[in-house]
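One structure is given here, and the rest of the page talks about it.
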Amino acid sequence: MDVVRHINSAVRSALSMEADERFIVGLSGGADSVALLAAMRAAGFHCVAAHCNFGLRGEESERDARFAASVASRLGVEIEMTRVDVAAWRATHGGSVEMACRELRYAWFARLIKKHRAKAVAVAHHRDDNQETFMLNLMRGTGIDGLCGMGTEVMQPVAVVRPLLGVDRRDILDYLDAVGLSYVTDSSNLTNDYTRNRIRNVVMPALREQFPHAHRGISLTMTHLQEANDFIREALASYRTKYVGAHGEIFIRRLVDESGSAPFVLYELLSPLGFSRQQTDDAVSAVSNSQSGRLFEVAGEMWLLDRDVLRRYDDQQPRNDTGSSDGRLGPFSVEIVEGEEIVPSALVAYFSPEVLHGQPLRWRYWRQADRLRPFGMKGSRKLSDIFSDAKIAVDMKGRIPLLVKGDDILWVAGLRHSRLYPVEEPGGKMVKITFNTK
């Protein structure tokens, strides 16, 4: 009975017991989830079992659903069950079967948490799973976070707890035997069709055969890495204060000059925003080689390395961009003229006086998906196409000012202007806007 006390104690230690607190417990019917539900019930937690039927294994999936219902009934636990269409989700979103199952399952878990006012979803990942994650991330290439494995508590995409993360799979099987509970086996886990299965069925057994205590060494290494990661998180707070500006801009030159670990620090600062290690290394290299104007596309946003500072495009415009009392609007000068001859020029644009009514004129730089309704043409064109036609280098696109009014782009300075607000009476009153290149 030592294993029963061990697992029940592990669950109680991992979860705080509060009055009327409840958990959603993921119940596939496999050994790990059955043991988790039983241990949480034995520890006195209020549980609602949750079984998600993906329908990927025909009758076996139906068998698992029936078994999960019978386990919940035996343990006196309410159960929620759902059936999801993996193929339909993939047809809309793409991605792998594993990704589809995960997204569908956690979206459903989020609804159950709200419905039952639960604290979190408890899932049955254990120590062996965590070591597989370590090996998987090691081979893919990762930072310290990836080598720390899974956390006992996470909040994204939903609140999740893993009470068995410190428990070995062998102990779980012994526990079920001791308390007289059976389980079902997912046949897909026995094949090597998925990368994780190959880690579980081929790599880890081979390691243990050659190095019987490998699992202990891996666990110890993961513990040391987690401690190092905690220390790094604390240190990064001081780096963030020193090298990140009020609007999220990164002072890379200063970081490179003052830190011998600039590539590592920059990646740790920017990876939460979606930057890859290759991108942050490229940014450090560009600054080291005095290459300004480098563009980076990250998670649908554009970032510009401008004079040793990395910032979002939206942060390129001044905070007060609606003009000043002397007729200046950033790089543009705005004036009302009358009787002036319109002389074609790349540095001057003319508009009817109505352009000054309603929403104010502003200026900014290029953003993804920007479009212009060009003068003399129907429809609209992407600014990226206009830049390509003009053979504008990629690293220069974000340095060309745009005159805008609301959502409309009126002038791509030096290149094209819009057909909006045309001058109806040449020689009459007009709004003359000059692009000041100095």
Side-chain angles (χ1 to χ4, degrees), residues 6-7 10 14 26 28 30-33 35-36 54 56 95-103 105-106 121-154 156-157 160-175 183 185-233 263-264 267-268 271-272 274-278 280-281:
H6 168 55
I7 289 187
S28 67
D32 309 332
S33 64
L36 175 62
F54 299 107
L56 297 174
S96 66
V97 171
E98 293 165 292
M99 179 187 294
C101 291
R102 183 181 186 278
E103 294 294 327
R105 179 169 63 248
Y106 278 100
V121 174
V123 294
H125 295 123
H126 48 76
R127 182 177 289 157
D128 297 49
D129 292 326
N130 215 14
Q131 293 188 2
E132 291 164 11
T133 299
F134 171 89
M135 296 299 296
L136 189 63
N137 289 341
L138 178 66
M139 289 185 292
R140 287 174 172 169
T142 185
I144 291 182
D145 272 338
L147 294 179
C148 289
M150 295 177 278
T152 54
E153 289 188 38
V154 294
Q156 298 295 335
V160 172
V161 292
R162 299 184 175 102
L164 299 181
L165 205 56
V167 176
D168 293 329
R169 165 76 172 182
R170 183 67 260 171
D171 287 342
I172 288 174
L173 297 178
D174 290 344
Y175 174 86
Y183 58 92
T185 299
D186 182 341
S187 62
S188 66
N189 289 335
L190 303 178
T191 70
N192 294 325
D193 294 340
Y194 300 109
T195 303
R196 181 176 286 274
N197 284 8
R198 291 194 291 275
I199 298 286
R200 177 182 301 141
N201 300 330
V202 179
V203 175
M204 297 306 290
L207 272 177
R208 293 191 182 103
E209 181 180 352
Q210 296 296 319
F211 307 97
H213 302 298
H215 62 291
R216 296 178 188 171
I218 294 174
S219 290
L220 184 60
T221 296
M222 293 174 72
T223 298
H224 291 164
L225 286 169
Q226 184 60 65
E227 292 171 349
N229 201 38
D230 292 342
F231 175 79
I232 289 170
R233 298 276 80 77
F264 172 79
Y267 175 70
E268 292 297 320
S271 59
F275 277 81
S276 68
R277 181 59 191 257
Q278 184 63 57
T280 55
D281 283 352

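Values below: every heavy atom of this structure, side chains too, minus hydrogens, waters and symmetry copies. Since we're looking at a predicted model, the values are computed, not measured. Count residues from 1 along the sequence.
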**Request:** Start with the C-alpha distance between M204 and D128, add both sets of side-chain angles, then the distance that settles side-chain contact (heavy atoms from CB on, under 4.5 Å), and finish with yes or no.
**Result:** CA-CA 9 Å; M204 297 306 290; D128 297 49; over 6 Å; no
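- Between V121 and Y106 the shortest side-chain heavy-atom distance does not fall below 4.5 Å.
- Every residue two or more places apart in sequence or in another chain was checked for a side-chain hydrogen bond (donor to acceptor under 3.5 Å, both in side chains) with T280, and none qualifies.
- Sequence neighbours left out, not one pair with a member in residues 209-224 passes salt bridge (Lys or Arg N to Asp or Glu O under 4.0 Å).
- Under the side chain to side chain contact (heavy atoms under 4.5 Å, CB included) criterion, Q210 pairs with no residue at all, not counting sequence neighbours.
- In this structure, the side chain of R127 does not engage the main chain of V167 through any donor-acceptor pair within 3.5 Å.
- The closest side-chain heavy-atom distance from F211 to I218 is not below 4.5 Å.
- Looking only at side-chain heavy atoms (C-beta outward), P263 and R277 come within less than 4.5 Å of each other.
- Residues forming a salt bridge (Lys or Arg N to Asp or Glu O under 4.0 Å) with R169 (at least two apart in sequence, or on another chain): D32.
- Note that the CD1 atom of I144 and the CG atom of N229 stand 5.5 Å from one another [nearest 0.5 Å].
- Minimum heavy-atom separation, L56 to C101: CD1-SG, 3.8 Å.
- Partners of D145 according to the salt bridge (Lys or Arg N to Asp or Glu O under 4.0 Å) rule, which considers only residues two or more places apart in sequence or in another chain, are R233.
- Remark: F275 engages W303 in a ring-ring contact (aromatic ring centres under 6.0 Å, His included) (not counting sequence neighbours).
- Rounded to the nearest 0.5 angstrom, S33 OG and H125 NE2 are separated by 11.0 Å.
- Contact of the R105 side chain with the F54 side chain is registered, since non-hydrogen atoms from C-beta on lie closer than 4.5 Å.
- In this structure, the side chains of M139 and T195 stay at 4.5 Å or more apart for every pair of heavy atoms.
- Q226 meets the side-chain hydrogen bond (donor to acceptor under 3.5 Å, both in side chains) test with D230; sequence neighbours excluded.
- S276 is linked by a side chain to side chain contact (heavy atoms under 4.5 Å, CB included) to Q278, Q279, counting only residues two or more places apart in sequence or in another chain.
- For residues 197-206, the salt bridge (Lys or Arg N to Asp or Glu O under 4.0 Å) pairs, not counting sequence neighbours, are D129-R200, E132-R200.
- For the residue pair I7 and Y175, the shortest heavy atom distance occurs at CD1-CB, 3.4 Å.
- Counting all heavy atoms, side chain and backbone alike, G95 lies closest to M99 at CA-SD, 4.1 Å.
- Atom NE2 of H126 sits about 10.5 Å away from atom CD of Q131, to the nearest 0.5 Å.
- A donor-acceptor contact shorter than 3.5 Å is absent between the side chain of N130 and the backbone of L165.
- Not counting sequence neighbours, T142 has no partner by the side-chain hydrogen bond (donor to acceptor under 3.5 Å, both in side chains) test.
- Remark: R170 engages L173, D174 in a side chain to side chain contact (heavy atoms under 4.5 Å, CB included) (not counting sequence neighbours).
- Side-chain contact between F264 and I232 is present, with heavy atoms from C-beta onward closer than 4.5 Å.
- Checked against side-chain hydrogen bond (donor to acceptor under 3.5 Å, both in side chains), E103 has no partners two or more places apart in sequence or in another chain.
- A salt bridge does not link R208 with D168: none of the charged nitrogens is closer than 4.0 Å to a carboxylate oxygen.
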